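Just so you know, ligand 1 is whichever comes first in the structure, and atom 1 is the first atom listed for that ligand. The analysis underlying the following values was restricted to heavy atoms, covering all of them including side chains, and did not include hydrogens, waters or symmetry mates. Remember, predicted model here, so these are calculated numbers, not experimental data.
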Amino acid sequence: MPKSSAQRALVVGAGIAGLTTAWWLERAGWEVLVVEKAPSFRAGGYMIDFFGPGHEVARRMGLLPALEARMAPISAVTSVDSRGRKRAEISAEAYEAVADGGISLLRGDLADVIRADLRSPIRYGATISVSDFDDFDLVVGADGVHSKVRELVFGPSSRFVRYLGHHTAAFSFNDAELSARIGYRYQMLTVPHRMIGCYAVRDGAMAALMLYRADSQALPVDARAALRERFGDLGWVTPELLSVVPEEIYYDEVSQVDMPVWHRGKVVLVGDACGAVSLFAGHGASLAMTGAFVLAEELAASTDGAFERYQARMKPVVLDTQSFGRKFIGWMAPPSAWRITVRDMAFRLSGLPVVRKLIRGSVTPAVPAGIVG
Ligand SMILES: Cc1cc2nc3c(=O)[nH]c(=O)nc-3n(C[C@H](O)[C@H](O)[C@H](O)COP(=O)(O)OP(=O)(O)OC[C@H]3O[C@@H](n4cnc5c(N)ncnc54)[C@H](O)[C@@H]3O)c2cc1C
């Protein structure tokens with residue numbers, strides 16, 4: 001792949017990985033076209049804790065001021081009972097220690113900030129086929145866990161997707177009264193195999209997250225009905241949340257993607273498409289940005305062997321984070337009342353420095369800061 005001023009890159013997917021890849025490639029002189037399946041930009045979504053190497057990549061892109069302006073000031077994580085009474089809480093200090101200088105913000109806000117700084121065109125409502133690749137020197141599949149590029153080039157998803165036994169849903173909505181009542185703390189009600197949580201985002205906006213154990217990987221035809229069926233018996237603010245679930249929500253199986261090789265010919269995968277770590281691990285957005293940065297950096301160094309060097313730098317980190325994520329399932333979706341009690345006990349003791357250190361070790365995978373170079 002010799003690089004000249006006429007080199008053209010097709011980036012499939014305008015999520016965190018795709019937008020970041022496009023940002024770095026265009027700065028390196030590539031002519032970039034981004035294609036996105038959704039009919040328009042996907043705003044809102046779920047809250048992410050954004051720290052680690054992705055945060056460093058965002059700093060290098062000069063985006064931290066814009067990201068901090070959208071930050072949700074989440075100050076604590078509170079476990080509540082079915083009447084909304086506090087069972088346990090991670091203290092503000094412990095939460096800050098875990099966040100380690102990172103920020104909490106909506107996934108859509110992170111994407112929007114990157115998009116606002118991008119010059120390349122984004123074509124929405126696009127479908128792709130292998131013949132679309134002909135016009136490009138480089139094709140980047142940044143189209144998420146259910147990647148179409150991966151399927152077209154490497155084969156069926158079933159070969160690479162590892163189902164983690166849960167479904168999840170997330171959405172945001174406006175409700176000034178509920179927002180004031182819940183406040184800027186992540187409050188959650190956990191019963192065995194099910195968790196429902198919400199938090200104020202800003203200006204009366206709220207975000208909600210639901211997670212439950214599901215033996216079948218298959219997604220329901222009607223996500224809203226499935227959520228009503230799964231969570232309809234729970235108390236606290238659950239009825240209010242179920243009554244505002246929008247038609248367009250994020251609903252998916254919780255999975256990881258594990259594949260031996262991330263590239264073939266001029267096609268390379270980035271982000272969740274090749275290395276989804278799942279919401280149990282967190283860090284997916286951070287790793288998506290890191291992967292995009294490392295890929296662009298290796299391409300800029302030399303296009304010969306760039307994909308191999310990119311994978312060699314990123315894959316060990318992705319595998320470690322995935323392994324961490326699998327161990328974290330029992331923290332986020334405890335399978336028994338006893339496990340919920342143990343987790344809440346750790347929350348209660350989080351004011352103690354030694355427990356804080358333990359929590360930090362258990363909720364944050366060890367992603368080497370040097371990965372960004
Ligand atoms: C509930 C939840 C909570 C999370 N919390 C955190 C967290 O705290 N911290 C963190 O760092 N990460 C978190 N993550 C993970 C993180 O959001 C993802 O890992 C990250 O967004 C992956 O980015 P991506 O760009 O690779 O994929 P995606 O965000 O999935 O983007 C893929 C894009 O490609 C588009 N697309 C799909 N198919 C096609 C096609 N055929 N043609 C064109 N476009 C297509 C999609 O519409 C989408 O816009 C969380 C995830 C979930 C679900």
Side-chain angles (χ1 to χ4, degrees), residues 10-22 33-55 57-58 72 74 77 98-99 102-111 114-115 122-129 132 139-152 157 164 166-172 186 195 197 207-211 248-257 269-292 295 318 321-322 325 328 332 363-365 367:
L10 174 68
V11 175
V12 182
I16 308 300
L19 293 168
T20 309
T21 306
L33 172 67
V34 182
V35 292
E36 164 59 48
K37 167 172 91 166
S40 58
F41 177 72
R42 288 163 57 219
Y46 44 84
M47 184 73 76
I48 57 172
D49 292 320
F50 182 58
F51 49 121
H55 189 266
V57 171
I74 299 287
V77 177
V98 169
I103 52 179
S104 300
L105 81 173
L106 288 175
R107 177 206 166 279
D109 281 346
L110 174 57
I114 307 168
R115 179 184 68 143
I122 304 177
R123 192 179 294 157
Y124 289 98
T127 52
I128 50 151
S129 64
D132 297 323
V139 176
V140 181
D143 47 349
V145 177
H146 307 289
S147 171
K148 177 81 176 169
V149 175
R150 188 183 63 221
E151 187 188 300
L152 289 172
S157 276
L164 297 185
H166 290 76
H167 287 197
T168 188
F171 57 94
S172 45
Y186 179 64
M195 189 276 291
L209 176 69
M210 301 177 191
L211 175 69
E248 288 294 310
I249 59 163
Y250 169 84
Y251 184 107
D252 206 354
E253 59 181 92
V254 183
S255 299
Q256 297 181 330
V257 173
L269 304 176
V270 69
D272 276 7
C274 57
V277 292
S278 86
L279 77 110
F280 289 125
H283 280 74
S286 178
L287 287 177
M289 286 188 83
T290 309
L295 173 63
V318 166
T321 310
Q322 288 180 333
F328 199 58
M332 257 183 112
V363 302
T364 55
V367 177

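For E151 (side chain) and H146 (main-chain N/O), no donor-acceptor pair under 3.5 Å exists by modelled atom type. Put simply, the side chain of D143 gets close to the backbone of V149: a donor and an acceptor are under 3.5 Å apart. Checking side-chain atoms of S286 against main-chain N and O of F51 turns up a donor-acceptor pair under 3.5 Å.
With a 4.5 Å cut-off on side-chain heavy atoms, C274 and R150 do not count as touching.
The side-chain contact (heavy atoms from CB on, under 4.5 Å) test with L110 singles out one residue from T20, L19, I48, and that residue is I48.
For R42, there are no salt bridge (Lys or Arg N to Asp or Glu O under 4.0 Å) partners two or more places apart in sequence or in a different chain.
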Please tabulate, line by line, the atom pairs linking an N/O of ligand 1 to a protein N/O at a distance below 3.5 Å, with the distance in Å to 0.1, or answer 'none'.
residue, atom, partner, partner atom, Å
ligand 1, 8 (O), D49, N, 2.8
ligand 1, 9 (N), D49, O, 3.0
ligand 1, 9 (N), H283, N, 3.3
ligand 1, 11 (O), H283, N, 3.1
ligand 1, 11 (O), G284, N, 3.1
ligand 1, 11 (O), A285, N, 2.9
ligand 1, 11 (O), S286, N, 3.3
ligand 1, 12 (N), G284, N, 3.1
ligand 1, 12 (N), A285, N, 3.1
ligand 1, 17 (O), Y46, OH, 2.7
ligand 1, 19 (O), D272, OD1, 2.9
ligand 1, 19 (O), D272, OD2, 3.2
ligand 1, 25 (O), I16, N, 3.1
ligand 1, 25 (O), A17, N, 2.9
ligand 1, 26 (O), D272, N, 2.8
ligand 1, 29 (O), R107, NE, 3.4
ligand 1, 29 (O), R107, NH2, 3.1
ligand 1, 44 (N), K37, N, 3.0
ligand 1, 47 (O), E36, OE2, 2.5
ligand 1, 49 (O), E36, OE1, 2.7
ligand 1, 49 (O), E36, OE2, 3.3
ligand 1, 49 (O), R42, NH1, 2.8

